Each structure stands twice: as C-alpha cells, then as structure tokens.
Amino acid sequence: MQRQYRLTNQRSFDYIYKHGKCVSDDLFTLVYLEGKYPLYKVGFVVAKKVGKAVVRNKVRRRMREAFRLLEVKEFHSYIIVAHSIASEATYLCIKESIKTLFEKAGMLK
RNA sequence: CAAGUUGAUCAGACAAUCGCACGAAAUGUGAGGAAAGUCCGAGCACCAUAGGACAGAGUGCCGGCUAACUACCGGUGAAGGCGACUUCAAGGAAAGUGCAACAGAAAUAUACCGCAGAUUUAUCUGUAAGGGUGGAAAGGCGAGGUAAGAGCUCACCGAGGGAAUAGUAAUAUUCCUUGCCCUGUAAACCCCACUCGGUGCAAGUAAGGAGGGUUAAAGUUGUCCGCCACCUCCGCAUACGCUAGAACCUAUUGGUAACAAUAGGUCAAGAAAGAUGAUUGUCAAAUACAGAACUCGGCUUACAGAUCAGCCUUGUACC
RNA sequence: AGGGGUAUCGCCAAGCGGUAAGGCACUAGACUUUGACUCUAGUAUUCGUAGGUUCAAAUCCUGCUACCCCUG
C-alpha cells in the first residue's frame, strides 16, 4: 500500500465520516465518498476496544491484505472500521466480508 | 527412585510466490526476553556556566563495582527452614515531642489480693517472692540471706563499659569490670549522615509568520538572593534531532563475584494514520506472553512447550 | 510522553492506627380483612489483590490489578 493511496490526516477522516455513505455487516463498516482526487484513498481504523497492540496490528494487516486483492473505483475515498469481534475472525472471513461490502456499495470495477 | 533447592538456555526452522518500510541501488536490511508497566538511575537537549540559602523529596549495617543508581556483587547481623538454601527500608528511643485502645491496682510508674512486723481488729510501717491483666509490669534461674523480702550477696546465662586479638570494615572471640538508671513505637513527628536545580525528543536547533519590551515587566525555580539581555505566541507545517552506541560477538588476562582491561570481528529497524501480512510445502505434533517510536543500565509484572548443569540437599531401597 | 485520583454490603457511601456509622434495597416479624405506609430485628468469611512495619492495619509503607481524570 503506497503512500499516495492512504488517507493521512485527521481532517480527511472527519470530513468523510460527516459526508460519506455507510455500509456495514457484523465485522466491518465501510464509509465511502466521491472526490476529485484522481486515485482512490483508503484508511483503516482499528479501535482500542478490539484488543491489545498485537491483536490490533494483526487485524489491520489482514484488512489491508484483503483490500489489496480487490480492484476498486478511483475518484473515491474509503474508510474501513473494524468492530470488536473482528479480532476473533479468520483471514477468510475478513476477506469475504470486505469483498461483499464493496459489492454492496457498488464500488468494485 | 522420589521430593526439593540453586543457576542457566531456547522462545519454531527452512523454501517458494505476492505485498509493505528504509535505501541511489543490491542476490541488502527489517520486532522482544520482556519491545510491556513507567517504579528507579543516567546520557542527550534547552533554561546562566547549574551558583548560594530555605523549604521539599529520597536513601540509611560494612566493603566493592559502576557513567550513575534505591540497582548489582561479596561479607556481617537478624528471621525462617531437618537441610541444600531463602528473605530483610538493618542509623539514632540516654536531644526533644507525641501515641500505647480494651483489660489491669498500676503503663513509666504502682501496691488490689498477698507476705511480714507493730499497735490492735482496722489502721500504720516494710516489701515485691507469689496471684491475676496485658504485646509490654524495674533482667532470668539457683543458692545464701531475712521478721517477710529484695542484685542485698554469690555462681551461671543475658545487658552496659573497657582492653587485647583477628579483620580494610561491619563485626566476631577472649579477658577484665559495672549490680543492672529503667517498655515499645522513628514504614509517628523528629535528630544525624549522604544525595537531589527545573523541564522533557510533542525536549530542542535551523528556516517561516505575528506580537511585546527598553533597565521596568517578562524569563531563569516552590520562595528569596543572584543572573541575563532579550522574551512570548502560531501551526504535524519542512529538515535536523533519528540511530556507531557507557553497542554487540568471540578469545585471553586480572578478580571469590559484580566487573574491568587487552586483541580480533560485526554494523544489526528507524516509521510518521505509523512498516513483518497472506497462501502453500517439509520437518511426528504444536506455538505461550506479547509489537520498536530519542537511547542505554536496572527493577517489576506476563509467559505455552522444552533442555542443561551443581564433587547441591533430604528421604527410601539395594550393594 | 508526563502527572493525579478512586476501589469499603446488591447500590450510594462515612470512617484515615484500637477491630466497620448511616441511607436505599433485601429477608423475617408486628400493625391491617389484604396491600402500601409505619415500627422492630437481621444481613461485611479476606475493606480490589500480594507482601511488609506494628502488640494491633480498612487506615502506615512497597509491588501488582481494574477503572477514571488532567496537560500536550
């Protein structure tokens, strides 16, 4: 995940939370918003209630891997928020969940 | 063989594909023993070069070690354990102040029941052996002594003082001496000795923007002295700080050890929404606690599954 | 990164060296035809946890655990 595809500051996150649309299931919530930037931007959010540092890192890495394997639309910003039960899910569950979320939102190419 | 005790070690490995961070690039490098808690100590940075006094805080047997320490090592003493061994904030109560509930006659001074004598039938005197209370009651125990008793006298043990010997010292042993002037608590205030200036990498430096100030305020520290000529604010908005260091590994030497010295070798994450993941295969099987954020030395806590060692200890059986 | 606080019955809490007040709730009894109100009585095994100091610790000291707050 190169730097140009990342969301990098608090203001962007706040703006997307305020104006974006929202799709969710048991494990994750996807927030997305159309923008003018020619590429896509993505941020991963794993709150402290998910677990300790090791668990949070693991969940975030799996989310990132699952996202990497998808091809999503450009000119959009995405935030994926992990719920607290995501720490107990396997990688396959995470992969399927994220894929269906993007299908629901209609953001796959 | 069983139970224990002490000291250590490892913390899955290899291979393939895709992906991430650093880097000009490479067939390069890329999480720990605790990276954790933030409980101590330092480096480094700025404030004055870190100064003086007071307040405040910490430490407290002796010697060593260290950059430094409340850490560590060795010893002394005390407590616990049959033992190997383990644990200990271990100065001062004769500088002063405070506290010691309840019980008990009395809590740092006393005489309730007693014991003995006198007058006499309830008082006086002398006592502290015995009783009972308590965590603690004027050293313990035996003999002499006495009206009854009492370190009143003596032996032994304990305590204080002095000397000699051993030891760098804490201290230990022996001898002499003092009839013994006296409870506990300082993790109560306190006294004595030693140590500590403040703030922390979001420190700060450089560059940028805005404002205040002329010997006064502001700043430097909790207060005062002293000092300074500049000081304050803005915003993850850039670079540096940012990783070669009291570093690590191996060997030798000195030392009981902590540790030190010498020689050779190695360079081993450095991000900034924040890098290690996914899939597959092999090894019989399986992976606990846990993720670097300026850097080191300790301490504390968490931890699956294993392994090793000690002329270690105790018990049982056999020879 | 630095600093501060709290933990006591099911709930709210007082107590800061001498053996745990009080209120609500709960249980039992009384009152009432019955219920409520009212009255009486009862309920703390270890004061978050593990050690230490002390004759004696909820209280003093140290380590740990959980939660909360402040500065940036």
Side-chain angles (χ1 to χ4, degrees):
Chain A
M1 190 65 49
Q2 292 172 349
R3 172 117 340 111
Q4 53 184 333
Y5 297 114
R6 293 185 203 156
L7 287 167
T8 55
N9 58 45
Q10 188 63 48
R11 277 185 211 143
S12 315
F13 274 83
D14 289 343
Y15 187 82
I16 295 166
Y17 278 133
K18 213 170 181 180
H19 301 282
K21 294 178 182 174
C22 184
V23 180
S24 68
D25 66 359
D26 291 341
L27 292 177
F28 300 101
T29 298
L30 170 66
V31 184
Y32 61 97
L33 182 68
E34 190 167 358
K36 294 175 183 172
Y37 191 69
L39 303 168
Y40 60 86
K41 287 231 173 209
V42 67
F44 301 95
V45 176
V46 184
K48 212 163 192 177
K49 64 183 175 185
V50 173
K52 296 190 174 184
V54 174
V55 176
R56 294 203 305 272
N57 266 334
K58 191 149 200 168
V59 169
R60 194 172 61 243
R61 284 165 186 158
R62 284 176 163 171
M63 287 158 70
R64 184 173 296 154
E65 175 69 14
F67 179 81
R68 189 176 67 80
L69 299 173
L70 300 174
E71 291 189 350
V72 300
K73 285 185 181 174
E74 289 159 357
F75 292 97
H76 281 78
S77 298
Y78 309 99
I79 298 174
I80 307 175
V81 183
H83 298 170
S84 55
I85 56 167
S87 58
E88 294 162 13
T90 61
Y91 171 71
L92 283 176
C93 296
I94 291 170
K95 197 176 170 184
E96 284 302 308
S97 169
I98 286 180
K99 196 177 175 185
T100 45
L101 279 179
F102 273 89
E103 276 173 358
K104 256 191 219 172
M107 285 296 143
L108 289 174
K109 272 186 179 173

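Chain letters run A, B, ... following the sequence lines, proteins first, then strands; residues in each count from 1. Remember, predicted model here, so these are calculated numbers, not experimental data.
Evaluation of the side-chain hydrogen bond (donor to acceptor under 3.5 Å, both in side chains) rule for S77(A) yields no partner, not counting sequence neighbours. Applying the side chain to side chain contact (heavy atoms under 4.5 Å, CB included) rule to E34(A) yields the partners H76(A); only residues at least two apart in sequence or on another chain are considered. Annotation: side chain to side chain contact (heavy atoms under 4.5 Å, CB included) contacts of K104(A) (sequence neighbours excluded): V23(A). With sequence neighbours left out, the ring pair (Phe, Tyr, Trp, His ring centres under 6.0 Å) criterion links F28(A) to no other residue. Partners of T29(A) according to the side-chain hydrogen bond (donor to acceptor under 3.5 Å, both in side chains) rule, which considers only residues two or more places apart in sequence or in another chain, are H83(A). Partners of L30(A) according to the side chain to side chain contact (heavy atoms under 4.5 Å, CB included) rule, which considers only residues two or more places apart in sequence or in another chain, are Y32(A), Y78(A), I80(A), L101(A), F102(A), A105(A). Here R61(A) pairs with nothing under the side-chain hydrogen bond (donor to acceptor under 3.5 Å, both in side chains) rule; sequence neighbours left out.
In this entry C67(C) has G5(C) as its Watson-Crick or G-U wobble partner, both defining distances falling under 3.5 Å. In a base pair of the Watson-Crick type (N1 to N3 plus N6-O4 or O6-N4) or a G-U wobble (N1-O2 and O6-N3), with each distance short of 3.5 Å, C194(B) is matched with G58(B). Nucleotide G142(B) has C154(B) as its partner under the Watson-Crick or G-U criteria, with both atom distances under 3.5 Å. Under the Watson-Crick or G-U wobble criterion, with both distances below 3.5 Å, A106(B) is left unpaired in every strand shown. C318(B) is unpaired under the criterion used here, namely a Watson-Crick or G-U wobble arrangement in which both key atom distances are under 3.5 Å. With a cut-off of 3.5 Å on both Watson-Crick or G-U wobble distances, the partner of C69(B) is given as none. C189(B): Watson-Crick or G-U partner is G96(B), with both key distances under 3.5 Å. Judged by Watson-Crick or G-U wobble contacts below 3.5 Å, the nucleotide G281(B) has C14(B) as its partner.
Across A278(B), C18(B), A275(B), the shortest atom-to-atom separation from the side chain of R64(A) is found for A275(B).
Separation of the C1' atoms belonging to C40(B) and C14(B) is 44 Å when rounded to the nearest angstrom. The C1' atoms of A164(B) and C69(B) are separated by 41 Å, rounded to the nearest whole Å. Look at the C1' atom in both A290(B) and U314(B): the space between them is 40 Å, to the nearest Å. Taking atom P in both U174(B) and C157(B), one finds a spacing of 10 Å when rounded to whole Å. A26(B) and C39(B) are spaced 46 Å apart, taking the C1' atom of each and rounding to whole Å. Comparing C240(B) with G264(B), their P atoms sit 36 Å apart, to the nearest whole Å. Spacing between G37(B) and C64(C) at atom P, rounded to whole Å, works out to 12 Å. The gap from the C1' atom of C124(B) to that of A93(B) amounts to 41 Å, rounded to the nearest Å.
Between the CZ atom of F67(A) and the P atom of A278(B) there is a distance of 18 Å, rounded to whole Å. To the nearest angstrom, P of A275(B) lies 11 Å from CZ of F44(A). At whole-Å resolution of the value, NZ in K95(A) and C1' in G19(B) are 13 Å apart. Taking atom CD of E65(A) as the reference point, atom C1' of A275(B) lies 14 Å away to the nearest angstrom. Distance M63(A) CE to G19(B) C1': 17 Å, rounded to the nearest Å.
The CD1 atom of I98(A) sits 13.0 Å away from the CZ atom of R68(A) when rounded to the nearest 0.5 Å.
Neither OP1 nor OP2 of G274(B) sits under 4.0 Å from any side-chain N or O of R60(A).
Base orientation of A268(B): syn, the glycosidic angle falling within 90° of 0. In textbook terms, a nucleotide whose glycosidic angle is within 90° of 0 is syn, while U185(B), being further out, is anti.
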Listing time: all N or O pairs from protein to nucleotides 286-292 of chain B that are below 3.5 Å?
from: A290(B); atom 1: OP1; to: K52(A); atom 2: NZ; distance (Å): 3.2
from: G291(B); atom 1: N7; to: N57(A); atom 2: ND2; distance (Å): 3.3
from: G291(B); atom 1: O6; to: R61(A); atom 2: NH1; distance (Å): 2.9

Distances under 3.5 Å only, N/O to N/O: pair up the protein atoms with those of nucleotides 32-34 of chain B.
none

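Under the 3.5 Å distance criterion, the side-chain polar atoms of K99(A) are left unmatched by any main-chain donor or acceptor of A66(A).
When all heavy atoms are compared, the tightest approach of R60(A) to F44(A) is CG-CB, 4.0 Å.
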